[in-house]
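Every heavy atom of this structure was used, including side-chain atoms; hydrogens, water molecules and symmetry mates were not. The structure presented is a predicted model; accordingly, all values stated were derived computationally and were not measured. Throughout, protein chains are lettered first and strands after them, A, B, ... in sequence-line order, and every chain is numbered starting at 1.
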There are 2 protein chains.
Amino acid sequence: MPPNRRRRDRDEKLHEIVAAAADLFTELGFEQSSMTRIARAAGVTPNTIYWYVEDKDALLVAALDHLLADALRQLDQAPEAANLVDQVLWTLGHLQRRSNLIGVVHARSEQAEVVANWHEGFHALMDSFVMEGLARQGVPDRELQARARLTTYAVEGMLAHPTDPATARSVLELVLSPGG
Amino acid sequence: MPPNRRRRDRDEKLHEIVAAAADLFTELGFEQSSMTRIARAAGVTPNTIYWYVEDKDALLVAALDHLLADALRQLDQAPEAANLVDQVLWTLGHLQRRSNLIGVVHARSEQAEVVANWHEGFHALMDSFVMEGLARQGVPDRELQARARLTTYAVEGMLAHPTDPATARSVLELVLSPGG
DNA sequence: ACCTGAACACCGTTCAAGT
DNA sequence: ACCTGAACACCGTTCAAGT
């Protein structure tokens with residue numbers, strides 16, 4: 001058996017485990033998704049998972065990357081995301097259907113460095129995305145960072161606390177409009 | 001033994017357990033503070049705690065109330081909290097030294113209704129506090145709610161992600177100043 | 001190299017038994 | 001009414017043993 005074939009097999013199995021984990025984390029939450037349950041969903045034994053990932057937090061990070069890649073693909077094709085407010089609203093709506101995960105990322109970031117690192121990277125991505133949009137709208141440079149931060153905090157806040165679409169829009173317009 | 005005496009004894013012991021839990025939750029976090037460890041700190045057996053509280057989440061809520069009462073007493077006496085920005089900054093600083101707990105409240109709110117209820121009540125308190133301050137500063141009524149929300153989100157965001165005092169101030173001034 | 005059965009140390013919680 | 005020792009069902013993780 002050539003190493004190429006081996007590599008492919010390994011990647012496929014890892015993918016199955018990560019996909020199963022991503023599904024369960026999204027639907028049941030991190031705590032409810034025991035390694036035993038994830039293993040069952042992926043068709044392996046619990047301890048087999050440890051051959052592919054270091055521990056449950058590393059599995060969480062892999063699942064998050066899996067879901068993020070999927071989300072970026074979708075945002076790219078979303079026709080209704082014309083201006084910045086709508087783009088952020090789309091992202092908010094997307095994340096709202098996965099709000100379980102936000103809490104988990106925050107909770108595990110305090111316990112596991114792998115998750116904290118992922119979290120930091122995610123925010124860097126969000127920040128640069130929003131700052132770019134704000135700059136395009138003519139927001140002065142010295143306000144860019146504070147406004148981008150505030151946008152992230154607003155998004156996270158609205159994820160942590162159920163917010164109706166109208167309130168969400170008014171909050172975002174307050175932060176993202178040049179004169180707001 | 002008259003019921004009054006009994007009542008006092010019970011309250012004292014409950015207080016010891018709750019105080020021990022509040023300490024450990026603050027210093028080690030919720031997960032690290034096992035019932036066994038809390039019991040040891042309070043000088044009882046793990047299962048004794050269940051005579052006083054329903055479960056670990058109810059104990060968390062009792063600990064949060066304990067800590068909140070303490071914080072309100074301190075804020076009342078803080079001389080440096082003159083205007084609204086400074087008051088919120090004081091609160092932020094106070095909570096920053098207890099940032100463990102914020103994540104726990106969010107995480108457990110998804111799992112336990114007692115915690116979710118406490119969380120909701122806490123935000124109602126914060127909201128009314130900020131809205132009152134904003135109204136005093138002349139912020140128009142129709143902006144009050146969105147701005148109060150945004151303030152809460154900003155505070156929570158800065159708790160979840162380490163923020164230096166200067167950035168914190170500029171973010172808060174952006175939200176809390178009438179012209180911002 | 002990959003996978004498993006069995007075990008380990010822990011967790012929150014319960015319950016029969018004591019006082 | 002209050003407290004305990006012992007147990008229960010679970011958890012994430014490890015490890016010797018198999019292929």
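Whole-Å rounding puts the A:Ile49 CD1 to D:dT13 C1' distance at 11 Å. Atom pair A:Lys56:NZ and D:dG12:C1' shows a separation of 8 Å (rounding to whole Å applied). Between A:Met35 atom CE and C:dC11 atom P the separation is 19 Å, expressed in whole Å. Between the P atom of C:dC2 and the CD atom of A:Glu16 lies a distance of 15 Å, rounded to the nearest Å. What separates CD of A:Gln111 from P of D:dG12 is a distance of 14 Å, to the nearest Å. The nearest whole Å value for the distance from the CZ atom in B:Arg40 to the P atom in D:dT4 is 15 Å.
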Check nucleotides 6-10 of chain C for protein N or O atoms closer than 3.5 Å to its own N or O atoms and list the pairs.
| unit_1 | atom_1 | unit_2 | atom_2 | d |
| --- | --- | --- | --- | --- |
| C:dA6 | N6 | A:Asn47 | ND2 | 3.4 |

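Note on A:Trp51: every side-chain N or O is 4.0 Å or more away from OP1 and OP2 of C:dC3. OP1 and OP2 of C:dC3 both lie 4.0 Å or more from every side-chain N or O belonging to A:Thr48. Distances shorter than 4.0 Å separate none of the side-chain N or O atoms of A:Tyr50 from OP1 or OP2 on C:dC3. The side chain of B:Arg10 contributes an N or O atom lying less than 4.0 Å from OP1 or OP2 of D:dC2. An OP1 or OP2 oxygen of D:dC3 is reached within less than 4.0 angstrom by a side-chain nitrogen or oxygen of B:Lys13.
Proximity of a side-chain donor or acceptor of A:Thr167 to a complementary backbone N or O of A:Thr163 within less than 3.5 Å is not detected. Using modelled atom types, one side-chain atom of A:Ser34 and one backbone atom of A:Arg37 make a donor-acceptor pair closer than 3.5 Å.
Here salt bridge (charged side-chain N to carboxylate O under 4.0 Å, His left out) pairs that include residues 38-61 of chain B, with residues two or more places apart or in two chains, are B:Asp57-B:Arg108.
Judged by closest nucleotide on DNA chain D, A:Gln32 is the one of A:Gln32 and A:Glu54 placed further toward the 5' end.
By the 30° and 60° cut-offs, the orientation of the rings of B:Phe30 relative to B:Phe25 is tilted.
You'll find that the side chain of B:Tyr52 is closest to D:dC2, out of D:dC2, C:dC2, C:dG12.
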Dot-bracket for DNA chain C, please, read 5' to 3', with Watson-Crick or G-U wobble pairs under 3.5 Å on both distances, ( ) within the strand, [ ] crossing, | other strand, . unpaired. ||.|||||...|||||.||

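The number of heavy atoms from other shown groups lying within 6.0 Å of CD (A:Gln145) does not exceed 12.
Ion pairing between a basic and an acidic side chain is recognised when a charged N comes within 4.0 Å of a carboxylate O; B:Asp86 and B:Arg169 show such pairing.
Taking the six-membered ring for Trp, B:Tyr153 and A:Tyr153 have ring centres at least 6.0 Å apart.
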Give the intermediate values and the outcome of salt bridge (Lys or Arg N to Asp or Glu O under 4.0 Å) for residues A:Arg73 and A:Asp70. CA-CA 5 Å; A:Arg73 255 194 309 277; A:Asp70 189 50; 3.5 Å; yes

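In the model, A:Glu156 has no side-chain atom that pairs as donor or acceptor with a side-chain atom of B:His106 under 3.5 Å.
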